[in-house]
Trainee: 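Here it is: the structure, laid out below.
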Amino acid sequence: MFVYLMMIDSQEDQSKFEKIYLTYRGLMYHVAYKILNNKHDAEDVVHSAFIKIAENIQKIDDPVCPKTQSYVVTIVENKAIDLYRANKRKNSSLYLDEISGIEVEATCVHGLVACMAKLTPRYRQIILLKYYHGFSCKEIAKQLDITEANAIKLDQRAKNKLFQICKEEGIL
Amino acid sequence: MISDAMLQQAAEELATAINESLPDPKECVFNSLQNLREK
């Protein structure tokens, strides 16, 4: 944890980070491992996710709350899927064609939320980071390691896809 | 198109559903430590 605390200036933010680290590292590992099915890869991904969380610690108000849980899970899922795709490019025979990421029980959600749950993980992550966590496209780009132009494009495509799903489902 | 207000509300509900579909973070800490012990 020391390596992350070195990245954070204020003591208040360091304490916030420590609580996030101790509360969510196991859950983050669980999410990463479910996607990657490999202990070392899952640990690497949790590490990359904590670096992003440390860089954005000032944006987090309450270290232990459902909103923070959603944020850390979104970031680690994104990093895990990125690594999954990179591994797939190296050795395509060992990997499935597409990865679904975290799955939400279809019976738990309805209407627009159910349509949102059907988006690809990348589109879902953009929507959550922008519309729930309130990050700008510039901030999202930094966290997902993409360009700002790509983040803007992804946001637009995610909304278009969501609109299309809603129309197909008769929601709109 | 879908308004930003609708997106915000739906995104919040989706985040809640995702959290509920995941195990309790306290249980995962135990599992993670167990994984480390297995190494």
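Numbers restart at 1 for each chain; the letters A, B, ... are given by sequence-line order, proteins then strands. Quick caveat: nothing in here was measured; it's all calculated off a predicted structure.
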Trainee: Taking CD in E12(A) as the centre, count heavy atoms belonging to other residues, nucleotides or ligands within less than 6.0 Å. Is the count above 12?
Mentor: no
Trainee: Taking all atoms of both residues into account, what is the closest heavy-atom pair of L27(A) and P25(B), and its distance?
Mentor: CD2-CG, 4.1 Å
Trainee: May I have the step-by-step check of side chain to side chain contact (heavy atoms under 4.5 Å, CB included) for T23(A) and K26(B), ending in yes or no?
Mentor: CA-CA 7 Å; T23(A) 306; K26(B) 285 176 197 158; over 6 Å; no
Trainee: Can you see which heavy atom on G26(A) is nearest to which on C28(B), and at what distance?
Mentor: C-CB, 3.3 Å
Trainee: Can you tell which part of L172(A) gets under 4.5 Å to a heavy atom of chain B, answering side chain, backbone, both or neither?
Mentor: side chain
Trainee: Please answer: with hydrophobic residues joined when any side-chain heavy atoms are less than 4.5 Å apart, are I152(A) and M1(B) in the same cluster?
Mentor: no
Trainee: When rounded to the nearest 0.5 angstrom, what is the spacing between OH in Y132(A) and CD in E13(B)?
Mentor: 11.0 Å
Trainee: Looking only at non-hydrogen atoms, find the nearest pair between C166(A) and I2(B) and report the distance.
Mentor: SG-CD1, 4.2 Å
Trainee: Give a yes or no on this: more than 12 heavy atoms of other residues, nucleotides or ligands lie within 6.0 Å of atom NZ of K67(A).
Mentor: yes
Trainee: Do L22(B) and Q69(A) touch side chain to side chain, with heavy atoms closer than 4.5 Å?
Mentor: yes
Trainee: Compare all side-chain heavy atoms of I18(B) with those of R124(A) and state whether any distance is below 4.5 angstrom.
Mentor: yes
Trainee: Counting neighbours of CD on Q58(A) that are heavy atoms of other residues, nucleotides or ligands and sit closer than 6.0 Å, is the number greater than 12?
Mentor: no
Trainee: What is the minimum heavy-atom distance between A17(B) and V104(A), and which atoms define it?
Mentor: CB-CG1, 3.7 Å
Trainee: Would you indicate whether the side-chain heavy atoms of E103(A) and S21(B) approach each other to under 4.5 Å?
Mentor: no
Trainee: Answer yes or no: is there a side-chain heavy-atom contact under 4.5 Å between L14(B) and I127(A)?
Mentor: no
Trainee: Around Q9(B), counting heavy atoms of other residues, nucleotides and ligands shown, do more than 12 lie under 6.0 Å from its CD?
Mentor: no
Trainee: Tell me whether M6(A) shares a hydrophobic cluster with I8(A), the cluster being built from Ile, Leu, Val, Met, Phe, Trp, Tyr side chains joined at under 4.5 Å.
Mentor: no
